[in-house]
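First the structure, in the form of structure tokens, and then the observations on it.
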There are 2 protein chains.
Amino acid sequence: MAETRATTTPRERYRAQVRTEIKERAWEQIATTGASALSLNAIARQMGMSGPALYRYFANRDDLIAALIRDAYRSLADACRLATEAGSGPDLAALAHGLRDWALADPQRYFLVYGTPVPGYHAPEDTTAITHEIMTLMLDACAALPPSGPASSFDAHLADHRQWAGDHPAPPGALHRALSFWTRLHGLLSLELAGHFAGMEFDPAEMFAAELDALLAG
Amino acid sequence: MAETRATTTPRERYRAQVRTEIKERAWEQIATTGASALSLNAIARQMGMSGPALYRYFANRDDLIAALIRDAYRSLADACRLATEAGSGPDLAALAHGLRDWALADPQRYFLVYGTPVPGYHAPEDTTAITHEIMTLMLDACAALPPSGPASSFDAHLADHRQWAGDHPAPPGALHRALSFWTRLHGLLSLELAGHFAGMEFDPAEMFAAELDALLAG
DNA sequence: AGACTGAGTGAGAAGCTATCACGGTGCGCT
DNA sequence: AGCGCACCGTGATAGCTTCTCACTCAGTCT
């Protein structure tokens with residue numbers, strides 16, 4: 001008893017393990033059938049349990065999905081940080097490729113974060129914190145770039161509405177570039193992942209590279 | 001019997017009317033609860049019918065949703081055409097505002113077209129035809145603009161992969177601009193409609209205008 | 001006028017989420 | 001070491017869903 005390693009009791013460790021196994025099964029199911037068809041019963045069957053047992057671990061279906069969304073956000077933020085940390089200093093191109101790789105690795109995971117929202121849904125506090133984290137990575141990378149062309153009227157608007165950037169020292173032009181980076185790459189990725197380029201024979205990767213070049217040239 | 005106005009029998013007219021009423025109720029429901037929560041039973045209740053009655057009009061839930069998607073595509077194409085036809089000659093700015101107005105008018109309808117796809121889904125033939133229609137409007141408007149800056153390497157790629165543009169005479173630069181128009185405005189709209197700009201205090205309309213300006217300047 | 005087509009119904013199967021009361025097991029504390 | 005409790009898992013159950021089927025009734029067409 002000299003030093004209670006009281007961090008986790010056996011019960012807590014078991015509980016955490018079952019929770020992650022449930023989430024793993026859920027991810028498998030989502031990848032093949034989409035989040036809207038996620039079935040707690042099916043997960044329980046796969047795990048050799050009875051349906052109601054899962055309610056010991058998640059309050060309800062929405063609670064499980066919320067946990068998955070939270071993990072997806074966390075995973076996205078980690079992927080973005082990892083991508084920028086690879087080189088020396090913030091690197092918008094590396095960030096872009098990290099984002100794209102993460103999206104392509106599991107399209108339904110991307111859609112859980114950026115896809116169709118259910119009308120009533122409000123993001124919980126912790127995911128908005130992660131959103132800020134990701135936005136900061138983008139702002140860092142944009143601030144490290146040489147300043148772009150002439151200031152637009154939207155730049156002026158952003159100078160007055162930069163509360164969302166926290167106290168980040170990036171100039172309005174960098175704020176604008178970060179937002180464009182986000183919206184433009186999202187537009188491309190979301191259409192690609194949703195299969196809207198299916199009939200067209202151009203290479204989405206080439207267009208992604210072209211958009212990124214344009215963003216960097218700014 | 002001199003001239004059978006055989007276009008529609010009474011039965012067919014009644015059937016068509018009930019079908020459209022079902023779809024109207026479905027739209028109301030989708031607007032408030034999202035498409036994933038669409039309930040045939042609830043629609044039947046609202047119409048004072050028993051649940052199974054709806055199966056006379058739509059083979060199943062997916063068939064109803066497919067019909068709604070088809071109508072949404074049709075509505076989008078009409079809105080785009082109307083927007084461009086207002087002025088004299090193709091007008092990319094008018095097209096952009098038509099698109100935005102259509103999206104804001106019913107976000108869930110926008111998401112039915114461009115939102116999270118269910119993994120197995122393949123768009124039926126007729127919606128891909130409408131997609132081509134919309135793309136043609138974009139290409140017309142882009143081809144009417146003064147040619148943009150220096151050709152990028154993606155322009156060269158598009159010169160070799162322009163099958164999706166049919167036999168549209170637009171040069172590769174216009175093809176590129178049409179694709180950028182689509183992906184960039186979609187990125188912006190989809191994030192705005194999904195509420196991802198919620199905490200941020202800038203005006204999405206201003207950013208939309210800025211993106212459009214950048215697109216027009218090329 | 002008679003026959004047929006098709007709309008709507010109730011019953012019912014199979015699936016889902018979610019709640020509840022109940023048994024057993026293993027953890028922690030004395 | 002052993003007692004007690006907290007917690008896990010189960011079966012039963014309610015209420016919802018989609019969807020099928022046999023049946024009835026009404027309107028349409030010949």
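Naming convention: chains lettered A, B, ... in sequence-line order (proteins, then strands); numbering from 1 in each chain.
Distance CZ (A:Arg56) to C1' (D:dG11): 13 Å, rounded to an integer number of Å. The distance between atom CG of A:Asp62 and atom P of C:dA18, rounded to the nearest whole Å, is 7 Å. If you measure from atom CG of B:Leu64 to atom C1' of D:dC19, you get 14 Å, rounded to the nearest angstrom. Taking atom OH of residue B:Tyr14 and atom C1' of nucleotide D:dT28, one finds them 15 Å apart after rounding to whole Å. Look at CZ on A:Arg13: it is 18 Å from P on D:dC7, rounded to the nearest Å. Remark: P of C:dA18 and CD1 of A:Ile43 are 12 Å apart, rounded to the nearest angstrom. A straight line from CZ of A:Arg15 to P of D:dC7 spans 9 Å, rounded to a whole angstrom. Atom-to-atom, CE of B:Met49 to P of C:dG6 comes out at 17 Å; the value is rounded to the nearest Å.
Within 6.0 Å of atom CZ in A:Arg13, 12 or fewer heavy atoms from other residues, nucleotides or ligands are found, so the atom counts as exposed in its surroundings.
Of all heavy-atom pairs spanning A:Arg61 and A:Ser36, the tightest one is NH2-O, 2.9 Å. When all heavy atoms are compared, the tightest approach of B:Leu175 to B:Arg162 is CD2-CB, 3.5 Å.
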Apply salt bridge (Lys or Arg N to Asp or Glu O under 4.0 Å) to residues A:Glu12 and A:Arg19 and explain how you reach the verdict. CA-CA 10 Å; A:Glu12 278 170 346; A:Arg19 264 182 79 100; over 6 Å; no
Tell me, for nucleotides 24-30 of chain C in 5' to 3' order, what letter each nucleotide earns: B for a base near a protein heavy atom under 4.0 Å, S for only sugar-phosphate near one, - for neither? --BSS--
At under 4.0 Å between heavy atoms, how does the protein contact nucleotides 10-17 of chain C? Give one character per nucleotide, 5' to 3', with B, S or -. BB----SB
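Looking only at side-chain heavy atoms (C-beta outward), A:Ile22 and A:Val18 come within less than 4.5 Å of each other.
At the phosphate of C:dG8, OP1 or OP2 sits under 4.0 Å from a side-chain N or O atom of B:Tyr57.
B:His157 and A:Phe202 have their aromatic ring centers separated by at least 6.0 angstrom.
The aromatic rings of B:His186 and B:Tyr110 lie parallel to each other, their planes meeting at an angle below 30°, with 60° marking the opposite boundary.
Taking CG from A:Asp63 and OH from A:Tyr57, the interatomic distance works out to 14.5 Å, rounded to the nearest 0.5 Å.
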